[in-house]
J.: 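Can you read through this structure? Questions will come right after.
These values consider heavy atoms only, across backbone and side chains, with no hydrogens, waters or symmetry-generated copies.
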Amino acid sequence: MNFMESFYTALEGIWANKMRSCLTMLGIIIGITSVIAVTTLGEGGQKAINDEMEKFGQNTFNVFINWDTKEEIAADDLTIEDAEVLSRISPAIEYIVPYNSHTIELKGPKKEERVNLTASTPDYFAMQKTMKVAKGRLFNSADDKEQRAVVVLEDKLGEKLFGQMNPIGQRVRWGNNSLVVIGTYTEEKFKFDMGAETFGAVVPIRYYHSLQEEPSVQMFMGKAVDKPSVDPAMQQVKQYLTRKHQKQDHYMVRSMQESVDQFNQLTGTLTLIFSVIAGISLVVGGVGVMNIMLVSVTERTREIGIRKALGARRSDILIQFLIESVIVCLIGGLIGVLFGLGIAALIAQFANLPPLLSWNSVFIAFGFSSAIGIFFGLYPANKAAKLDPIEALRYE
């Protein structure tokens with residue numbers, strides 16, 4: 001009996017016992033579905049978040065005080081002047097700006113809103129590629145240096161505070177301070193921000209400092225001229241600040257790429273863990289395949305005896321049952337891949353994620369299905385091949 005005859009005979013055996021074959025496939029289908037769905041969603045989610053991070057922070061880095069510093073923390077550890085000097089002396093830096101942010105209550109003629117207030121220099125707007133002017137203008141260097149009480153509101157915040165009124169030239173109150181609205185902006189939000197919706201407002205940092213008893217800068221936001229310049233820019237910033245303020249290991253500089261790499265490592269580990277857990281069901285499915293194939297061998301003992309009596313070799317019987325086991329697992333694997341991709345696409349649609357088809361996962365799934373078919377089908381096939389034809393023909 002050649003291979004093709006064994007193949008067709010195996011298909012006839014599967015077709016003759018459709019219900020049993022379907023039950024045999026069930027464990028494989030569930031296992032492959034789980035693995036494909038997990039890996040597809042994991043890789044799709046990872047790519048989507050990486051794209052978002054790159055869009056919002058390409059070639060960027062942040063400078064702040066090291067949490068584990070042994071030096072005394074002072075208000076002038078980071079200053080506006082430091083940022084200005086760094087932007088002049090470092091050819092690797094495109095922008096570097098002082099940055100302060102906290103939540104305040106901003107009151108307009110219509111209502112009062114909780115606002116995320118940012119204080120920085122005009123270059124802050126140049127760094128924010130997703131921020132566009134909606135009405136009026138952004139503040140400039142003159143506004144900053146003269147400490148003018150002006151504010152640029154997020155467009156939706158302007159609508160909340162002023163309703164149908166044009167906010168440009170109007171005043172808003174922040175505690176005892178009155179600020180003139182000189183412009184509004186629209187900003188593309190981070191797609192995966194799960195927090196409550198907040199509105200933004202930006203003021204000149206020198207005006208912001210004029211309201212403080214002890215002015216300080218929380219951090220610097222920097223942007224390198226290109227990707228290869230990110231590391232040199234970070235090193236130059238750290239060296240300058242350490243030398244200027246005479247404080248060792250006091251400053252920490254972190255790039256967006258480092259955050260992306262850490263996120264990728266975390267998601268990769270989680271995807272692997274979930275895949276291993278899902279893969280356990282494949283092993284359970286393999287045990288099911290072996291049990292059903294053993295039942296099949298027992299039921300077809302007389303058939304095996306007749307084949308051997310007619311001249312079938314031990315290898316023919318072995319190959320026939322082995323092929324039957326592999327075909328069952330491969331069909332289960334194919335159905336599992338289709339179900340897995342379907343479930344991943346459905347979840348991705350609700351979660352606003354792009355399902356990313358991983359061909360590696362598909363090939364591994366089919367390879368694993370074949371391996372399960374061979375491994376768990378080998379014992380039943382070998383048992384069938386070893387049957388004595390005379391004893392098999394006597395079997396009732």
Side-chain angles (χ1 to χ4, degrees), residues 61-88 95-109 111-128 138-154 157-158 161 167 170-183 185 195 198-222 237-238 240-254:
F61 58 90
N62 295 327
V63 185
F64 40 90
I65 306 301
N66 190 347
W67 300 303
D68 296 329
T69 182
K70 294 179 174 58
E71 304 280 356
E72 185 179 349
I73 296 175
D76 63 351
D77 282 341
L78 295 171
T79 66
I80 299 171
E81 291 70 27
D82 286 337
E84 290 175 340
V85 171
L86 282 164
S87 65
R88 287 198 306 269
Y95 301 109
I96 185 163
V97 298
Y99 178 89
N100 284 63
S101 176
H102 75 279
T103 304
I104 64 166
E105 297 290 335
L106 209 58
K107 187 175 182 180
K111 65 185 300 188
E112 190 172 11
E113 282 289 340
R114 196 167 180 78
V115 175
N116 183 30
L117 181 72
T118 297
S120 190
T121 58
D123 279 347
Y124 171 79
F125 298 110
M127 286 185 63
Q128 306 303 310
L138 307 174
F139 61 76
N140 53 36
S141 297
D143 295 321
D144 184 34
K145 287 176 181 176
E146 295 177 19
Q147 302 178 10
R148 292 173 184 165
V150 294
V151 64
V152 183
L153 304 178
E154 189 176 341
L157 176 61
L161 297 179
Q170 304 294 329
R171 289 186 173 272
V172 292
R173 295 199 66 81
W174 165 28
N176 296 324
N177 307 299
S178 177
L179 297 91
V180 177
V181 179
I182 59 170
Y185 65 88
T198 56
F199 302 109
V202 189
V203 298
I205 194 165
R206 285 184 171 87
Y207 165 72
Y208 178 84
H209 279 179
S210 71
L211 305 177
Q212 296 179 314
E213 290 183 9
E214 193 174 17
S216 64
V217 173
Q218 287 177 354
M219 59 183 281
F220 289 163
M221 294 175 63
V237 169
K238 192 170 184 179
Y240 170 81
L241 292 172
T242 301
R243 187 173 64 251
K244 162 92 183 294
H245 297 278
Q246 295 295 303
K247 293 183 177 182
Q248 293 296 323
D249 300 322
H250 190 61
Y251 299 97
M252 184 179 289
V253 187
R254 194 173 186 82

J.: Are E84 and K145 within salt-bridge range, i.e. N to O under 4.0 Å?
T.: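 Here E84 does not pair with K145 in a salt bridge, since their nearest N and O are not under 4.0 Å apart.
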J.: Starting at OG1 of T198, measure out to CD of E154 and round the result to the nearest 0.5 Å.
T.: 7.5 Å
J.: Is the shortest side-chain heavy-atom distance between T79 and V217 below 4.5 Å?
T.: no
J.: List the atom pairs, with distances to 0.1 Å, where a side-chain N or O of residues 244-252 and a protein N or O form a donor-acceptor pair under 3.5 Å, not counting sequence neighbours.
T.:
unit_1, atom_1, unit_2, atom_2, d
K244, NZ, D82, OD1, 2.7
H245, NE2, D77, O, 3.2
H245, NE2, D82, OD2, 2.8
Q246, NE2, R243, O, 2.6
K247, NZ, E72, O, 2.8
K247, NZ, D77, OD1, 2.7
H250, ND1, T69, OG1, 2.7
H250, NE2, D77, OD2, 2.8
Y251, OH, D77, O, 2.8

J.: State the CG-CG distance between L161 and L153, to the nearest 0.5 angstrom.
T.: 6.5 Å
J.: Would you give the length of the straight line joining atom CD of E213 to atom CG of L211, rounded to the nearest 0.5 angstrom?
T.: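 So the gap between those two atoms works out to 11.0 Å.
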J.: Step by step, would you call D123 with I96 a side chain to side chain contact (heavy atoms under 4.5 Å, CB included)?
T.: CA-CA 8 Å; D123 279 347; I96 185 163; over 6 Å; no
J.: Side chains of residues 111-120: which donor-acceptor partners sit under 3.5 Å, not counting sequence neighbours?
T.:
unit_1, atom_1, unit_2, atom_2, d
K111, NZ, E113, OE2, 3.0
R114, NH1, E105, OE2, 2.9
N116, OD1, S101, OG, 3.0
S120, OG, P98, O, 2.7

J.: When rounded to the nearest 0.5 angstrom, what distance separates CE in M219 from CG in N100?
T.: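 It is 10.0 Å, given to the nearest 0.5 Å.
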J.: Can you name the side-chain contact (heavy atoms from CB on, under 4.5 Å) partners of R254, sequence neighbours left out?
T.: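 F64, E258, S259, Q262.
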J.: When you measure from the side chain of N140 to the backbone N and O of D143, does any donor-acceptor pair fall under 3.5 Å?
T.: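 Yes, because the side chain of N140 sits within donor-acceptor range (under 3.5 Å) of the backbone of D143.
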J.: Just how far is it from atom CE of M127 to atom OH of Y95, taken to the nearest 0.5 Å?
T.: 9.0 Å
J.: For Y185 and A201, work out which heavy atoms get closest and say how close.
T.: OH-N, 3.7 Å
J.: Are any of the side-chain heavy atoms of W174 and V151 separated by less than 4.5 Å?
T.: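 No, too far: nothing below the 4.5 Å cut-off.
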J.: Once rounded to the nearest 0.5 Å, what's the spacing between atom CG of L138 and atom OH of Y124?
T.: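 So the CG of L138 and the OH of Y124 are separated by 11.0 Å.
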J.: Which atom pair, heavy atoms only, marks the closest approach of P204 to D144?
T.: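 Result for this residue pair: CB-OD1, 3.6 Å.
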J.: Are the side chains of F199 and L106 in contact, using a 4.5 Å heavy-atom criterion?
T.: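 With C-beta onward as the side chain, the pair stays apart.
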J.: Going through the distances and angles, do V150 and Y207 end up as a side chain to side chain contact (heavy atoms under 4.5 Å, CB included)?
T.: CA-CA 8 Å; V150 294; Y207 165 72; over 6 Å; no
J.: Side chains of P122 and F139, heavy atoms from C-beta outward: is any pair under 4.5 Å?
T.: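 Result yes, sub-4.5 Å side-chain heavy-atom pair found.
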